Every structure is written in C-alpha cells, then in structure tokens.
Chemist: 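Structure provided below as structure tokens; questions to follow.
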2 protein chains.
Amino acid sequence: MDSSDETALHQDAALSRTRLALWQKLQKSASVIEDELRRRLRRDCDSTLPRFDVMAELAAAPDGLKMSEISDRLRVSAGNVTGIVDKLAEEGLARRVAVPGDRRASRVELTEKGQGAFAVLARIYESWINEMLGNLNLDDVEGMILRLDRLVDALDTDEFGALSRKSEER
Amino acid sequence: MDSSDETALHQDAALSRTRLALWQKLQKSASVIEDELRRRLRRDCDSTLPRFDVMAELAAAPDGLKMSEISDRLRVSAGNVTGIVDKLAEEGLARRVAVPGDRRASRVELTEKGQGAFAVLARIYESWINEMLGNLNLDDVEGMILRLDRLVDALDTDEFGALSRKSEER
DNA sequence: TTTAATTGCTTTAAGTTTGAAATTTCATGC
DNA sequence: GCATGAAATTTCAAACTTAAAGCAATTAAA
C-alpha cells in the first residue's frame with residue numbers, strides 16, 4: 001500500500017465520520033421538531049401527529065385514498081391505518097366509501113367537517129413550522145432542500161425495501 | 001398598505017411555504033433512515049434503536065449517567081428509560097451504581113460486556129449510515145451540518161420546553 | 001369450473017412509549 | 001426537630017405500533 005492509498009483511506013474514514021455526525025444532527029433536529037409538534041397538537045388542538053398526517057394525505061387527494069395508499073405514503077403498518085381511520089370516522093372527520101367493482105377495498109375521504117378541521121389545523125401547523133425554522137433564511141432553506149432531495153432520491157433508489165414504494169408508484 | 005408592504009407580505013408567505021416543504025423533506029429523510037436502522041438492528045444485531053441510543057450515550061460518558069440525564073439527552077420519558085435500562089441490565093450490558101450521598105439516584109454505566117458489544121454495534125452502525133448517505137459528498141455534508149447546527153441552536157434557544165435542557169446542561 | 005395464489009383490509013397479541021400518579025429521599029425554612 | 005416542597009425513580013394505565021394471522025374478495029391457472 002503506497003501513501004496515496006493511505007490518504008484515500010483516511011479521507012474515506014473522515015467522510016464516514018462526518019456523515020455520521022450529519023445523521024445525528026438530522027435525527028436530533030427532526031425529533032425535537034416532531035416532539036414539539038406532537039405536544040402542541042395535543043395541547044392546543046386535541047389531536048395527534050399520526051391523525052394530522054393522515055388528514056394531510058387525504059386533504060391532498062381530492063378523490064380520497066385507499067387504506068393501502070395511506071399506509072404506503074406514511075410508511076406505517078396497514079393495521080395502524082385501520083385504527084387511525086376508525087377514530088377519524090368516529091369523530092365524523094373522515095369516511096370510508098365503497099369502491100365499485102372491488103368489495104375488498106374502500107376509499108377514505110375527508111368529510112366536509114374533516115376538510116374544515118384540517119384547513120384550520122394546516123394553517124396553525126405551517127405557522128409553527130415557520131416559527132421553529134425561523135432563523136433559516138431563503139438561501140439556507142433552498143440549500144437544504146436541494147441536498148435532502150438528493151438524499152431522498154438515493155434512499156429511494158438504494159433498494160431500501162418498503163420505503164421506495166412511494167416514489168415508484170407515482 | 002402600499003405595494004412594498006404587499007411585496008414583503010408575499011415574500012414572508014412564500015418563505016413560510018418553503019420552510020414547510022423543508023420540514024416535510026427533513027421529516028421524511030429522517031424517518032426513512034430511522035426505519036431502515038431499526039430494521040437492520042433487529043435483523044442483524046438482535047437489538048433495537050432505543051437500546052442502541054442508550055448505549056451510545058453511556059459509551060460517551062465515562063462516568064456513567066443518571067437515569068434523568070439519559071432521559072433528557074434522548075428526550076424520552078423517564079419511565080421508558082427505566083424499562084430500557086432494566087433490559088440492558090438483565091442482559092449484563094449495563095448496571096446501576098449507587099450514587100454516594102443521594103439514595104434516590106443511581107448512575108448507569110456500561111459493563112465491560114456492554115462496552116464490547118457497543119464497540120461492535122457502533123462500527124456497523126457507522127457503516128450503515130455511510131452507505132445510506134453515500135451520495136452526499138463532503139461539501140454537501142458540511143453544508144448541511146452548518147445549517148442544521150444553526151437550526152438546532154434556534155430550537156434550543158427558542159424556549160421549546162423540555163428540549164432545550166440538553167444544551168443548557170452542558 | 002375448480003383450484004390456487006394474490007390482494008385489501010381487519011383483528012389480535014406482544015412490545016413500546018408516554019404522562020400521570022406514587023414512592024422514596026433530599027433540602028430548606030421555621 | 002418538623003413540615004413543606006422539590007427531586008429522582010419507578011409503577012401503572014392508556015395509547016400507539018407493528019408483525020403475523022385471519023378473512024373475504026379478486027384474479028389466474030388448470
């Protein structure tokens with residue numbers, strides 16, 4: 001092994017360490033923000049993050065979504081979606097609609113009440129995010145989006161099982 | 001309201017939207033990576049992410065940590081830490097040590113077996129991260145670290161309750 | 001057809017996580 | 001001393017999650 005090989009190895013190792021540090025910061029940021037969102041949703045809106053996430057997916061899908069589509073997009077188990085949708089339905093925020101031609105499946109959609117409730121929630125939610133990310137300026141935000149897009153592309157591509165489905169399906 | 005006010009408002013609204021988009025990407029990246037780590041830890045190492053996280057904190061603290069310190073640093077409930085440490089202790093990977101002068105508290109530290117086990121885990125873990133973040137080069141990584149540091153600083157500063165404790169205590 | 005395989009969803013059991021008591025110990029003021 | 005409040009953990013119940021099993025309906029094959 002000559003010295004240029006050694007240098008290359010050393011650089012690889014250093015980059016690996018730096019990537020690890022990045023992951024730790026990414027993880028911490030995400031969990032700090034998520035915890036705070038959870039707390040505020042519970043405290044101020046009598047709701048939860050999983051419910052908000054499901055409603056957000058439904059609000060973005062004018063024709064509703066099948067249970068399996070919700071489960072794929074949010075990357076949570078099918079059984080879990082059943083429970084969340086059950087509760088939204090109990091509260092009159094969402095409903096299951098029969099799919100003509102397939103009696104196994106059902107489409108889930110927001111009720112009018114659900115749409116109204118989500119519209120309120122979404123505004124508050126965005127303002128919270130805007131507050132929490134308040135010290136990142138436009139350049140920062142765009143720079144990070146650029147790099148995260150690249151990261152997500154790689155994660156989707158790199159086989160990582162169940163998680164690539166989302167982009168494949170679109 | 002004159003036109004310059006309107007422009008300013010519009011820019012604020014646009015920035016708010018962009019920040020929201022950033023958060024969504026951040027959240028997705030983190031959860032995709034986390035899910036994959038969870039899966040691999042279970043499949044290849046017969047372990048879990050919370051256990052790994054606790055061991056990592058302990059490994060980085062030569063004198064061990066109090067239960068409350070673990071709970072603060074990982075931002076999980078105190079009751080949860082009790083359970084995780086119980087299991088690590090059962091398996092001989094960690095132990096509780098009495099704190100002289102305070103019979104309420106106990107200090108948790110890795111056993112030698114625990115240190116050995118963690119050393120192995122940590123190498124594998126870093127290689128996984130290095131693989132998953134493989135398409136981010138040094139510039140990307142450093143650019144993101146820079147911005148995430150600023151974000152974390154703001155999150156710590158901005159009162160956000162329980163979450164600022166970590167940095168305050170150091 | 002009849003059979004087999006797949007799909008979409010729900011149910012169940014087991015394990016996590018949390019938030020709120022409950023417990024024990026420490027610290028302080030009186 | 002003694003009472004009161006705070007601190008460090010643990011216990012406990014409720015909510016959430018997942019993986020696996022189960023069902024019913026659909027599709028494909030023989």
Side-chain angles (χ1 to χ4, degrees), chain A residues 31-32 34-43 46-54 64-91 94-109 161-163 165 169, chain B residues 31-32 34-43 46-54 64-91 94-109 161-163 165 169:
Chain A
S31 83
V32 167
E34 232 181 66
D35 288 351
E36 183 66 16
L37 289 173
R38 242 180 253 284
R39 202 175 66 80
R40 293 188 184 191
L41 279 171
R42 179 178 308 271
R43 192 194 56 189
D46 195 34
S47 187
T48 67
L49 197 50
R51 282 169 45 126
F52 178 85
D53 288 338
V54 168
L65 292 172
K66 290 196 297 182
M67 300 293 281
S68 54
E69 290 174 328
I70 300 174
S71 157
D72 285 344
R73 295 188 187 194
L74 297 180
R75 297 188 317 287
V76 298
S77 66
N80 195 359
V81 174
T82 297
I84 296 171
V85 170
D86 280 352
K87 281 196 188 141
L88 289 176
E90 275 171 28
E91 296 174 32
R95 74 174 143 250
R96 290 177 168 84
V97 181
V99 171
D102 189 343
R103 278 181 296 175
R104 295 166 305 178
S106 57
R107 252 173 348 93
V108 184
E109 58 186 30
L163 313 160
R165 260 174 285 162
E169 283 175 359
Chain B
S31 83
V32 167
E34 236 181 62
D35 288 351
E36 182 66 17
L37 289 173
R38 245 179 250 285
R39 204 174 65 79
R40 292 187 183 191
L41 279 170
R42 182 176 305 274
R43 191 194 56 190
D46 195 33
S47 188
T48 67
L49 196 50
R51 281 169 47 125
F52 178 85
D53 289 337
V54 168
L65 292 172
K66 289 196 297 182
M67 299 293 281
S68 54
E69 289 174 328
I70 300 175
S71 158
D72 285 343
R73 295 189 186 193
L74 297 179
R75 297 186 314 287
V76 298
S77 66
N80 195 1
V81 174
T82 297
I84 296 171
V85 170
D86 280 353
K87 280 195 188 143
L88 289 176
E90 276 172 27
E91 297 175 31
R95 75 176 142 249
R96 289 176 167 86
V97 180
V99 171
D102 191 342
R103 277 181 297 175
R104 295 168 304 177
S106 59
R107 194 163 281 291
V108 185
E109 57 186 31
L163 312 161
R165 261 174 283 161
E169 284 176 356

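All values reported here derive from a predicted model rather than from experimental measurement. A, B, ... follow the sequence lines: proteins, then strands. Residue 1 opens every chain. We use all heavy atoms of the structure for the numbers below, so side chains are in, but hydrogens, waters and symmetry mates are not.
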Chemist: To the nearest Å, how far apart are D86(A) CG and dT10(C) C1'?
Modeler: 9 Å

Chemist: What I'd like to find out is whether the side chain of L74(A) reaches to under 4.5 Å of the side chain of V54(A), using heavy atoms alone.
Modeler: yes

Chemist: Who passes side-chain contact (heavy atoms from CB on, under 4.5 Å) against E91(B), sequence neighbours left out?
Modeler: R51(B), L93(B)

Chemist: Residues two or more places apart in sequence or in another chain: which of them pass salt bridge (charged side-chain N to carboxylate O under 4.0 Å, His left out) with R38(A)?
Modeler: E34(A)

Chemist: Does a salt bridge link E36(B) with R39(B), judged by any charged N lying under 4.0 Å from a carboxylate O?
Modeler: yes

Chemist: Listed by chain and number, what are the side-chain contact (heavy atoms from CB on, under 4.5 Å) partners of R104(B), not counting sequence neighbours?
Modeler: D102(B)

Chemist: Within the distance-only criterion (no hydrogens, no angle test), does the side chain of S106(B) pair as donor or acceptor with the backbone N or O of A98(B) below 3.5 angstrom?
Modeler: no

Chemist: Taking only the side-chain nitrogens and oxygens of S68(B), find out if one of them lies under 4.0 Å from OP1 or OP2 of dT9(D).
Modeler: yes

Chemist: Salt bridge check: are E109(B) and R107(B) linked by an N-O gap of less than 4.0 Å?
Modeler: no

Chemist: Output a table of nitrogen or oxygen pairs between the protein and nucleotides 21-24 of chain D separated by less than 3.5 Å.
Modeler:
none

Chemist: Tell me every residue that passes side-chain contact (heavy atoms from CB on, under 4.5 Å) with T82(A), counting only those two or more places apart in sequence or in another chain.
Modeler: M67(A), D86(A), R96(A)

Chemist: If you restrict it to nitrogen or oxygen atoms, what contacts under 3.5 Å exist between nucleotides 17-19 of chain D and the protein, and what is each distance?
Modeler:
residue	atom	partner	partner atom	Å
dT17(D)	OP2	N80(A)	OD1	3.1
dT17(D)	OP2	N80(A)	ND2	3.4
dT17(D)	O5'	N80(A)	ND2	3.1
dT18(D)	OP2	S77(A)	N	3.0
dT18(D)	OP2	S77(A)	OG	3.3
dT18(D)	OP2	N80(A)	ND2	3.0

